[in-house]
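Order of the sequence lines sets the chain letters (A, B, ...), proteins ahead of strands, with each chain counted from 1.
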Amino acid sequence: MEKHYDAKAAEAKWYPFWEKNGFFHSEPGKGEPYSVVIPPPNVTGILHMGHALNQTIQDVLVRWRRMQGRNTLWLPGTDHAGIATQNVVEKALKKEGKRRQDLGREAFVERVWEWKRQYGGTIVHQQRMLGNSTDWKRERFTFDEGCSRAVAKVFTQLYDEGLIYKGNYIVNWCPRCGTALANDEVEHEASHSHLWYVRYPVAGSAKGTSGEPYKDYIMVATTRPETLPGDTAVAVNPKDERYAHLVGKTVVLPLTGREIPVISDDYVEKEFGTGIVKITPAHDPNDFLVGKRHGLEEINIMNDDATMNALAGAKYEGMGRFECREAIVSDLEAGGFLDHVEDYDNQVGHCYRCHETVESRLSKQWFVKMKPPAAPAIEAVKNGSVRFVPERWSKIYFNWMENIQDWCISRQLWWGHRIPAYYFGDGKVVVAETPEAALEKAKAADPSVSAADLRQDPDVLDTWFSSWLWPFSTLGWPEKTRDLEYYYPTADLVTAQDIIFFWVARMMMAGIHFMGRPPFKNIVIHGIVRDAQGRKMSKSLGNSLDPLELIDMYSADALRFSIALITSLECDTKVNKEKFEIGRNFCTKIWNAARFMEMNGAGADFKPVEIAEPTADEKHILWATDAACRKLSSILEQYRIQDAALAVYDFFWTQICDWYVEYAKDAPDKTRAFAILRDVFWKALRLLHPFMPFITEEVAHQLGYVEAGESIMLARFPEGYTDAEKKAWGLSAETYDFVNAKREAITTLRALRAEYKIPPAAFVKATIATGDPRARGEEASLKKAMRAESVDFAPAGADLPMPSKITSFGTVYLSLEGLVDKAAESKRIAAELSKLAGFVKSAEAKLANENFTAHAPEAVVAEARRKLEENREKAAQLEKLAKLFA
RNA sequence: GGGCGGUUAGCUCAGUUGGUUAGAGCAGGACCUUUACACGGUCAAGGUCGGGGGUUCGAGUCCCUCACCGCCCACCA
């Protein structure tokens, strides 16, 4: 083996090897299925840390299940991402000095497809670099033919069921993207703004005198003066006595001279501002509802791009909304209508895509009624047929689902699934999966209609309208396919908390509604990757770590393992570059351990030997290996990825490398010791494989565990040793504990050496007082580990000279070769004595308490007694030592 | 305003149903170039588990309360 592990070479070699050999591919029919669909990243996306985390978790689960022998499918794909993709292509067009309108719809959409063909492979290429064992033969795209057919079918069915309707509604509108946004596509951010206090004169009131144009006026506080031309009322709270006399009167809308009524509505808060609100039904969601209740006129004063239109008044027409705000404020001031201005911080909505300030805007949109499909989706989690991991996310799910709003699904974009609604005649509409079917339906209503009379709705559907079908549209729905029958429902869905509503909840609803069963059994929610300061990683902050850079610097395995080790499902993960050194260092450790084996004849040329009569240390590693195998499977069953990573890390590093490899160097029977190491190492490699696929594959081949052309990824995940093996080798908890005790003795003597500053090169004389007959058999290994010239044994309880210490193995004594600073030692001993005295005192009190001895489990009481005795003995020893240094 | 979390060593976090003297990694300290590995080894140090009550023989763990931090949802213009 080479001295240094070449991660890049291994990654470049093994991924294509796996993919070409079809090791990721699954076909229905054989064995118990385990299926997972990947959360499809945006086709415009590039791999970020969130993907790395999300996909590491999935690949660990998927590789582990595959090694367990499950027929495993991890289905990859990408999302057509309506707004995001259209934006990317529009930006490219802009560089050519063109707008999408210059191309026209068809050419533009073709242009986006062109872009997709050219660049859409970026993220799937990057996913390969992570090592994802996804079945690329089944890769899907939310806008491919099959998914599109599913979308049309779903829209039509929901429409026929009365669950889709078209309505005039106030929607969140992104003026930059030129489309409506769903509520959850709007991000609210605190913004420093102002509250303008404006005087609205009471109709017919006389002219005022100093600066005020009218004597009688009411004061309105607003954050959005630019919408003033769209006001159609002012409102007060019905319980507000201050203004009761005004209700029913009219006031004059400043700058326009238009008279508008004063109404009363519960929505108005008496305490906020002046207690009087201007009502602009076309430009504010609340005002819209108030307007509906009171039958107010809706005056839309803006164009699609948030510039003012003619209804705003000739003076303001054509202005941008913020420019218009300034103009109106200045005109109000000039006209004496502006009373004063206060600073005010409020929440302003921004487009989640382009971050433009969102405008509330009146328009006709398509909606899905969500209450009916939500009910069974709530029930499925309540009755446990679908489980959130960690469980607490179900509360958030319920909270949202129980207050669910209708879903605005139309988007004024060109890139996306076109709404399958067709208009003809004067306002008649039919909804059908294909234009042909639509024509047929239209003809049924009006036989004179021809294809040319049908005009398809220009809008497209929200991207999530295709991704909510992902777990079954990707398996062939609406056809009744074998895949669907075999792989649906999927087993685990792994995703971050931020798309529980966008995606997870909607998939639940769609799965139940169209398939009759929830789309997955477990919803595994992980945190978000944050920077060292706890901020969300984002391009604008420039605090993102690039997983590709980390792969380049540390290797994919290092990235994966580090992520698994530092990520808890329970909370968000803070990362910085240094954290990925853990994984890199671990790779180096694995590589060197493998090299050590090869150098000692336990490499590819190894000739198997029967393992018989292992020593205590050998029994220990066999036992520890067995325990590690069992533990790993059981904690992975619970999705405790972090615990699993830690367990395998500790097993490999501490048990195998720190102790067993050191033992093996001077083992009494090296052939057997290395035969055991070879077996243990092979198990360890397989335990590691789900976390670190590349290096484990490379090492497995280098050491000859796997034949050329085969792969560790198809090897069986180790389950520990059989009862027969354990019996044959005489493995037992007692022996395991015995070796642990021996290690304690070794560690203690090392500490004594350090304490008394005995040079590392110096050989010491040690004595151990123990009644355990097995101890004498360990003399050689003790000598080696303690760097001792001699190890003598004394009977248990023998009164050893100082300095000696009590361990689980017995009392250990180190003969002092050099001089010791008596004063310093005396001081140190006194401190330790007082600490011990405290332990003894509290233990005595505890054991004197009858309640404790009566209620606590027997083992706990016994352990407390044993510990007390031990501490008393330690204290007695120390006192002797104290005399020695007095 | 509603909901959900978090607060344990300098930093990042474990701590499964309450039960020994609360653990790990990193950083920092001392020592060690012992031929698998300095991306290493050995050892030591570091915590009144956010504050205050309560339940219990026993609380980091359960209950109440307060404080601070974070996230999500939401129509106070």
Side-chain angles (χ1 to χ4, degrees), chain A residues 1 3-4 183-184 188 195 220-224 227 235 267-269 271-274 276-280 284-290 344 346-347 392-393 395-396 398-400 403 497-498 500-501 527-528 530 532 534 536 554 558 565-568 570-576 578-579 581-600 635 638 640 642-643 646 649-650 657-658 661-662 665 747 750-755 757 759-761 787 835-836 838-839 842-843 846 849-857 859-864 866-868 871:
Chain A
M1 287 173 73
K3 180 147 193 196
H4 298 287
N183 276 336
D184 38 22
H188 292 270
L195 204 48
V220 172
T222 180
T223 53
R224 304 210 50 203
T227 64
Y267 147 69
V268 182
E269 296 285 331
E271 283 71 34
F272 189 89
T274 59
I276 306 178
V277 193
K278 70 189 205 58
I279 301 297
T280 323
D284 182 281
N286 306 308
D287 294 7
F288 174 77
L289 295 173
V290 173
Y344 183 67
N346 61 347
Q347 299 276 314
R392 65 188 163 87
W393 291 106
K395 289 186 215 164
I396 292 181
F398 292 140
N399 191 34
W400 189 73
N403 298 294
Q497 62 208 42
D498 54 352
I500 293 180
F501 308 140
I528 293 171
R530 297 178 180 279
K536 207 167 170 172
Y554 298 128
L565 193 65
I566 64 183
T567 297
S568 161
E570 295 298 328
C571 56
D572 291 353
T573 303
K574 290 185 194 171
V575 300
N576 55 40
E578 289 69 44
K579 290 209 169 164
E581 289 176 7
I582 302 172
R584 191 266 320 258
N585 295 354
F586 193 31
C587 286
T588 306
K589 192 75 179 176
I590 293 168
W591 186 255
N592 280 300
R595 246 166 30 96
F596 171 80
M597 287 176 57
E598 192 184 53
M599 287 171 181
N600 285 278
I635 56 187
Q638 299 166 60
R640 286 159 55 190
Q642 183 183 34
D643 289 353
L646 187 62
Y649 180 82
D650 180 68
C657 295
D658 288 351
V661 163
E662 291 306 317
K665 286 176 182 173
T747 304
R750 281 177 184 162
L752 279 171
R753 286 183 72 117
E755 224 174 291
K757 303 197 169 34
R787 204 167 170 72
K835 197 167 142 193
L836 266 180
F839 293 158
S842 75
K846 192 184 212 175
N849 186 337
E850 282 174 23
N851 281 319
F852 172 68
T853 48
H855 292 99
V860 173
V861 178
E863 185 58 26
R866 200 189 64 73
K867 210 74 199 178
L868 173 62
N871 282 331

Query raised in the report: Using Watson-Crick and G-U wobble pairs whose two distances are both under 3.5 Å, how do you write the pairing of RNA chain B as dot-bracket, with | for links to another strand?
Result: (((((((..((((.....[...))))..((((.......))))......(((((..]....))))))))))))....
Query raised in the report: Considering residues at least two apart in sequence or located in another chain, which fulfil the ring pair (Phe, Tyr, Trp, His ring centres under 6.0 Å) criterion with A:Tyr649?
Result: A:Phe561, A:Phe586, A:Trp653
Report task. Could you check whether A:Glu598 gets within reach of a base, just the sugar-phosphate, or nothing at all, counting any heavy atom under 4.0 Å? Result -> nothing
Requested in this report: Under 4.0 Å between any heavy atoms, over every strand shown, what does A:Asn600 touch: base, sugar-phosphate, or nothing? Just pick one.
Outcome: nothing
Query raised in the report: Heavy atoms under 4.0 Å, any strand shown: does A:Val661 hit a base, just sugar-phosphate, or nothing?
Result: base
Query raised in the report: Ignoring hydrogens and angles, does a donor from either the side chain of A:Arg584 or the base of B:C39 sit under 3.5 Å from an acceptor on the other?
Result: yes
**Report entry** Rounded C1' spacing from B:G51 to B:G6 in Å
**Finding:** 16 Å
Query raised in the report: Among B:A36, B:G5, B:A14, which is the nearest nucleotide to the side chain of A:Lys395?
Result: B:G5
Would you tabulate the nitrogen or oxygen pairs shorter than 3.5 Å linking the protein to nucleotides 41-44 of chain B?
residue : atom : partner  : partner atom : Å
B:G41   : OP1  : A:Lys589 : NZ           : 3.3
B:G41   : OP1  : A:Trp653 : NE1          : 2.4
B:G41   : OP1  : A:Asp658 : OD1          : 3.4
B:U42   : O3'  : A:Arg750 : NH1          : 3.4

Query raised in the report: Considering only the P atoms, how many Å lie between B:U42 and B:C71, rounded to the nearest integer?
Result: 41 Å
Report summary line: Closest of B:G3, B:C37, B:A77 to the A:Arg595 side chain is B:C37
Query raised in the report: If you measure from the C1' atom in B:C26 to the same atom in B:C62, how many Å do you get, rounded?
Result: 33 Å
Report task. Could you tell me whether the side chain of A:Asp284 and the main chain of A:Thr280 form a donor-acceptor pair under 3.5 Å? Result -> no
Requested in this report: Using a cut-off of strictly less than 4.0 Å, decide whether A:Lys665 has a side-chain nitrogen or oxygen near OP1 or OP2 of B:U34.
Outcome: no
Query raised in the report: Mind checking the P distance from B:G25 to B:A44? Whole angstroms is fine.
Result: 13 Å
**Report entry** B:C32 to B:G23 separation - P atoms, rounded to the nearest Å
**Finding:** 30 Å
Query raised in the report: Reckon A:Asn592 has a side-chain N or O less than 4.0 Å from the OP1 or OP2 of B:C39?
Result: no
Query - Nearest listed nucleotide, side chain of A:Leu646, among B:C4, B:A24, B:A77 - result: B:A24
